[in-house]
Amino acid sequence: MSKLYSCFFRFICLKLFNLRNQILELFYTSECIVCYSDVGTRTLSVSNESNATPWIPLCSACQELIVLEEHKMCRFCAGSKYVKEPSPLKCNSCSKRKFLFQKVVALGKYEGILRYSILKMKNELTRNRSTVLARLLYEIRRMQLEELNVDLIIPVPMFRLRKFRRGVNSSELIAQELAIQMKVPICHNAVRRIRATQPQFFISTKERFLNVRNAFQINPKRRNALKDKRILLVDDILTSGATCNEISRILLEANVSAIFIAVLARAEGRPKY
């Protein structure tokens with residue numbers, strides 16, 4: 001019973017914090033979300049320009065440490081561990097397995113400041129960090145994302161009990177911001193996670209693919225809306241690609257035309273601290 005009260009309290013706090021932040025975002029002096037250095041004053045924008053740059057409270061030094069240069073990443077899986085410049089169509093890692101999605105777009109490697117920011121994002125009640133990192137992903141990889149010409153954005157779903165305990169699904173928050181920046185509709189409930197799975201971090205690559213097998217389901221009410229659509233599937237981290245591949249499998253069964261992946265970080269092996 002105490003766990004239930006704790007989850008309910010966390011849920012209420014999330015709603016209150018989000019309301020507070022939406023009000024404060026109209027006018028405030030902001031700090032870098034990583035090093036807390038001053039990045040200037042943000043005022044309410046009255047610009048209606050479609051190419052207006054979104055507000056990103058990250059200092060230039062932290063941005064440089066987060067972003068990985070595009071030419072150092074595999075053009076298919078966005079990995080960098082097995083890439084020799086110039087980047088190949090497929091690196092030695094992703095060429096060994098057949099994936100059902102067409103391309104991965106990532107901001108950087110899951111290490112250092114980006115890893116720290118994502119871990120903080122996963123454990124905070126507010127949407128600030130998720131929004132900032134999603135905006136940075138769009139600004140840095142804008143050309144790659146726009147070239148995909150997607151029709152619909154879908155966040156990787158979280159099992160309902162886990163989401164209730166945590167209070168927020170960071171993949172949903174990232175997807176929401178990308179939808180705003182890309183001006184593409186988002187469908188939150190197109191895919192459902194129908195069973196809890198073992199945390200992927202603690203198991204081997206082979207076990208990860210087995211772990212998520214049949215863990216997702218297409219919402220029958222959304223099946224017709226998915227037909228012939230180009231889908232951008234959004235998550236916070238991609239490691240083995242097992243989760244995104246399994247969701248891609250059921251999306252293809254729903255007759256989507258193409259699936260692309262957008263993530264904040266690409267992890268390969270144990271992260272560097």
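Start at 1 with the first residue, then count along the sequence.
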Glu268 (side chain) donor-acceptor with Gly79 (main chain) under 3.5 angstrom: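 No.
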With a 3.5 Å distance limit and no angle check, can you tell me whether Ser130 reaches the backbone of Ile174 through a side-chain donor-acceptor pair?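 Flag not set: sc Ser130 to bb Ile174 has no pair under 3.5 Å.
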I'd like to know if [Y] and [X] are part of one continuous hydrophobic network [Ile/Leu/Val/Met/Phe/Trp/Tyr, side-chain heavy atoms within less than 4.5 Å].
X      : Y      : value
Ile180 : Ile231 : no
Leu119 : Leu65  : yes
Val67  : Val105 : yes

Do [X] and [Y] make a side-chain contact, defined as non-hydrogen atoms from C-beta onward lying under 4.5 Å apart?
X      : Y      : answer
Ile153 : Cys187 : no
Val34  : Ser117 : yes
Ile250 : Glu253 : yes
Val184 : Leu178 : no
Met121 : Val132 : no
Ile66  : Ile113 : yes
Tyr138 : Leu145 : yes
Leu100 : Leu252 : yes

Where is the tightest heavy-atom contact between [X] and [Y], given as atom of each residue plus distance?
X      : Y      : value
Arg195 : Asn211 : NH2-O, 2.9 Å
Glu246 : Ala215 : OE2-N, 4.5 Å
Cys59  : Cys32  : N-SG, 3.5 Å
Leu148 : Arg230 : O-NH2, 2.8 Å
Thr205 : Ser240 : CG2-CB, 4.0 Å
Val156 : Thr243 : CG1-CG2, 3.9 Å

When you look at Glu70 and Gln144, which way does the side chain to side chain donor-acceptor pair (under 3.5 Å) test go after all the steps? CA-CA 10 Å; Glu70 188 178 338; Gln144 287 188 54; 3.3 Å; yes
Spatial distance of atom [atom1] ([X]) from atom [atom2] ([Y]) [nearest 0.5 Å]:
X      : Y      : atom1 : atom2 : answer
Tyr110 : Leu238 : OH    : CG    : 13.0 Å
Ile218 : Asn189 : CD1   : CG    : 11.0 Å
Ile56  : Thr131 : CD1   : OG1   : 11.0 Å

Pairs involving residues 255-266, ordered by first then second residue, that meet salt bridge (charged side-chain N to carboxylate O under 4.0 Å, His left out) (sequence neighbours left out):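 Sorted pair list comes back empty.
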For residues 200-212, which residue pairs qualify under salt bridge (charged side-chain N to carboxylate O under 4.0 Å, His left out), counting only residues two or more places apart or in two chains?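 Every candidate salt bridge (charged side-chain N to carboxylate O under 4.0 Å, His left out) pair involving residues 200-212 fails, so no pair, neighbours aside, qualifies.
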Under the side-chain contact (heavy atoms from CB on, under 4.5 Å) criterion, do Leu107 and Leu68 qualify, and how do the steps go? CA-CA 7 Å; Leu107 185 58; Leu68 181 65; over 6 Å; no
Using the side-chain contact (heavy atoms from CB on, under 4.5 Å) rule, take Thr239 and Ile237 through it: C-alpha gap first, then chi angles, then the decisive distance, then the call. CA-CA 7 Å; Thr239 306; Ile237 308 166; 4.0 Å; yes
Salt bridge (Lys or Arg N to Asp or Glu O under 4.0 Å) with [X]: which residues, sequence neighbours excluded?
X      : answer
Arg223 : none
Glu69  : Lys72
Glu146 : none

Look at the rings of Phe76 and Phe101 and say which category their plane angle falls in: under 30° parallel, 30 to 60° tilted, over 60° perpendicular.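 Answer is parallel, since the angle falls under 30°.
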What residues form a ring pair (Phe, Tyr, Trp, His ring centres under 6.0 Å) with Phe216, not counting sequence neighbours?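 Phe216 satisfies ring pair (Phe, Tyr, Trp, His ring centres under 6.0 Å) with no residue once adjacent residues are dropped.
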Do Lys103 and Phe260 form a cation-pi contact, if we require the NZ or CZ to be under 6.0 Å from the six-membered ring centre and within 45 degrees of the ring's axis? no
Taking atom types as modelled, is there a side-chain donor on [X] or [Y] under 3.5 Å from an acceptor on the other?
X      : Y      : answer
Gln176 : Glu172 : no
Asp235 : Ser171 : yes
Arg249 : Asn214 : yes

Run the side-chain contact (heavy atoms from CB on, under 4.5 Å) check on Leu226 and Leu152 step by step: do they pass? CA-CA 8 Å; Leu226 296 174; Leu152 196 64; 3.6 Å; yes
Please evaluate residues Ile261 and Gln102 with respect to the criterion side-chain contact (heavy atoms from CB on, under 4.5 Å), reporting the C-alpha separation (whole Å), side-chain torsions for both, the decisive distance (0.1 Å), and the verdict. CA-CA 8 Å; Ile261 313 298; Gln102 276 65 52; over 6 Å; no
